[in-house]
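Excluded from the calculations below are hydrogen atoms, water molecules and symmetry mates; all remaining heavy atoms, backbone and side chain alike, are included. In what follows, chains are A, B, ... by sequence order, proteins preceding strands, each numbered from 1.
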Amino acid sequence: MSAAAGSPPRRGAWRALAAAQRRFPLLQLVLLVVAFVVGVVTLPGFGGGLSVVSVLVIAALAGLASIGQTITILVGGFDLSVAGFIVAGALLVTQVSEQLGIGFWGAFLILVPGALVLGGLVGYLSHRFRIQPLILTLAMGSFALGIVRGPSGLAVVGQAPTWLTGLSSPISTTFGLPVPPIIVIWVLVTIALAVFLRFTVGGRRLYLTGANPVAAEYALVRTRRVWVIAFAFSALCSALAGVMLVSFSGNVDPNLGNPYLFISLAAVIVGGTTGGGPGDYTRTVVGALLLTMVTTVLVGHGLTSADQQIMYGAVILLAMAIYGRERRIRDRV
Amino acid sequence: MSAVAAPRRAGEPRLRRLLRRHGYLLALGLTIVLLAVNLVLQPNFGWIAQLASFAPLAVAAAASMPSIVSGRGGIDMSIGPVMTLSGIVFAGYLAPNGLGGLEALPILMLLGGAIGAVNGLIVIWLRLSPIVVTLAMYFIVIGINLKLAPTPMRLADDNWATSLAGSIGGFPGPLISLAIPVALWALLGLTAFRRNLYAVGGNDATAFTAGIAVSAVRVVAFALGGAFAGIAGLVLVALVRTADSSTSSAYTLIAIAAVALGGTSLAGGAGGMTGALLGAASIFLVQSVLADAQVPQTWLPAIYGAMLIVAVVVGALLSGERTGRRA
């Protein structure tokens, strides 16, 4: 795993840098600053306050949609239900709540236990029967989308309540601060997750389960319970990210969630979190910021959505080549 | 079709042992029952038309199978986009330039095979998890599709390929589409490759110590899947006569579901072509029943999702993976 800095360490300074890179996403932060400077120099108005806030809002949406992905990757899984749960959550609080006349909070009360149960079921089944979480999460995402969309019909007409759009409008403020609430929420969630993962028993159990499930069992960690909680939490986060996305775009589109599947994967992987650890959510935050900044600058220079897809694919490969390599077969014999 | 005979376990029920040995039996039973239901619901069941709409899914399932058998979670997520790419290249680039004849088949197989080989080479050279590599390739190929065909591309109605969805001199065309991957897989059964593939999928470290070129086997498995995906794209465009980049991801999930339903263990080392085709048949016939019963389209994702979950859980139950500890 020491390939972080490319060539084999020769001098002390180089080795120190490589060690720092392993502990902290140094290279990503440097690239983030470089991308920002390139944007300011080449795109007029890029450094303005509103423009920066807009980039932060988009990064916050990507970051919030990647929370579940980070947690499931840390326990050694994968979550491909992100897109399905995002659309399910978004539809529930708009169209379904309108059709049933239960209001936003009524729909919210369906959303939270619903997502927790479906996500937890994925964690349980995949742990109990040793099924690739990849398959189960894909299937569950499709299922969640279907049970929300099935009764509501083909036409998608839901509108977000006005107070909700205030959450992520770049011109709104939070208690007098000149940033929209979604950014404040993101910062608070980041701090909470960093504390949880680093300083609580639950966080350590999570890392232990990902690093070595057999050893974790011997250390009296109930790995199945960890998996159930991780996947339930992940589904809930995706559904809530769907609510946030509604607040950003104002209405619902059945394809709303699709980009966030690969954005969440790319953010986690680019941040440097690998399957079963090491890694944490702050790395994902850096990954989300970097990807959003680079994409915004490139879109400003005429990058199409097709180019964007290709770029994300290439970036995932590149980042994995740096962080996520497996052992050689001849070392596993 | 499972190459490794399941060892007899003491006290194991006979049915489970049978299913562990022949994973495709569940899908076979499902296929027979669903076919009967279909025939009752639709007395004028058009065989050729039904086979033609079944063929793309069946070949896509065949394409997903080799990499899954090769083990280490070798699920190839890029099969769906590669199919679409193959269709776009055929309808939009080969056919208008006078390469729309039979020679298109090997060209498309080479194209798909090359992408599969790149997947395999990245997996072995960079030592990355196959899922991550093929997922990255999935995004890249979708991007390429969007660039090559911003709008859907039409296939000329008089192209020979359209007879793959009809009949060729009285012989059902879809059977020919199905026969190509089946024949290739059967031919490979005459070589050591297929046995090596199951050995690698079962336990790659053991296969390595037994002198099998594990990396080469893995690359060939991915390339073979890619080549099958190339055929699947041609078969699909023969049926729908347009290649649409926005449908790039349509077949990925459902093809993997077919393979899983057909009793191919997603852990690798077991299963095969029979299972993949029967799994695809089960899913296709369920779709057909749902269409007959006029289930609204918006319910379909829920039904597919539930089916896939039930299929993999039942498969895991029957194959006797009962231990809860993840090693």
>> Between A:Ile310 and B:Phe139, is there a side-chain heavy-atom distance shorter than 4.5 Å?
In response: no
>> If I measure from the heavy atoms of chain B, does A:Leu121 come under 4.5 Å with its side chain, its backbone, both, or neither?
In response: neither
> Say you draw a straight line from CE of A:Met320 to CG of B:Leu135; how long is it, rounded to the nearest 0.5 Å?
Replying inline: 10.5 Å
> By a 4.5 Å heavy-atom criterion (distance strictly below it), what part of A:Leu125 contacts chain B: side chain, backbone, both, or neither?
Replying inline: side chain
>> Between A:Leu317, A:Ile147, A:Val122, who has the most heavy-atom pairs with chain B when the cutoff is under 4.5 Å?
In response: A:Leu317
>> Taking B:Pro301's backbone N and O only, do any of them form a donor-acceptor pair with A:Ser142's side chain (distance below 3.5 Å, no angle check)?
In response: yes
>> With a 4.5 angstrom heavy-atom cut-off, is it the side chain or the backbone of B:Leu300 that approaches chain A, or both, or neither?
In response: neither
>> Can you tell me if B:Arg72 has over 12 outside heavy atoms packed within less than 6.0 Å of its CZ?
In response: yes
> Any side-chain heavy atom of B:Leu146 sitting closer than 4.5 Å to one from A:Gln308?
Replying inline: no
> Quick one: what part of B:Ile122 sits under 4.5 Å from any heavy atom of chain A, side chain, backbone, both or neither?
Replying inline: side chain
>> I'd like to check A:Met140 versus B:Ile309 (side-chain heavy atoms, cut-off strictly below 4.5 Å). Are they in contact?
In response: yes
>> I need the residue from B:Val295, B:Ile256, B:Val141, B:Ile75 with the largest number of non-hydrogen atom pairs under 4.5 Å to chain A.
In response: B:Ile75
> Checking B:Met137 against chain A: side chain, backbone, both or neither under 4.5 Å from a heavy atom?
Replying inline: neither
> To the nearest 0.5 Å, how far apart are CZ in A:Phe143 and CD1 in B:Ile303?
Replying inline: 10.0 Å
> Do you know the tightest heavy-atom contact between B:Val313 and A:Phe129?
Replying inline: CG1-CE1, 3.8 Å
> Does the side chain of A:Phe78 reach to within under 4.5 Å of the side chain of B:Val132, using non-hydrogen atoms?
Replying inline: yes
>> Rounded at 0.5 Å granularity, tell me how far OG1 in B:Thr252 sits from CG in A:Leu138.
In response: 9.0 Å
>> Heavy-atom cut-off 4.5 Å, strictly under: side chain, backbone, both or neither for B:Ile124 against chain A?
In response: neither
>> In the structure I gave you, are the side-chain heavy atoms of B:Lys147 and A:Asp307 within less than 4.5 Å of one another anywhere?
In response: yes
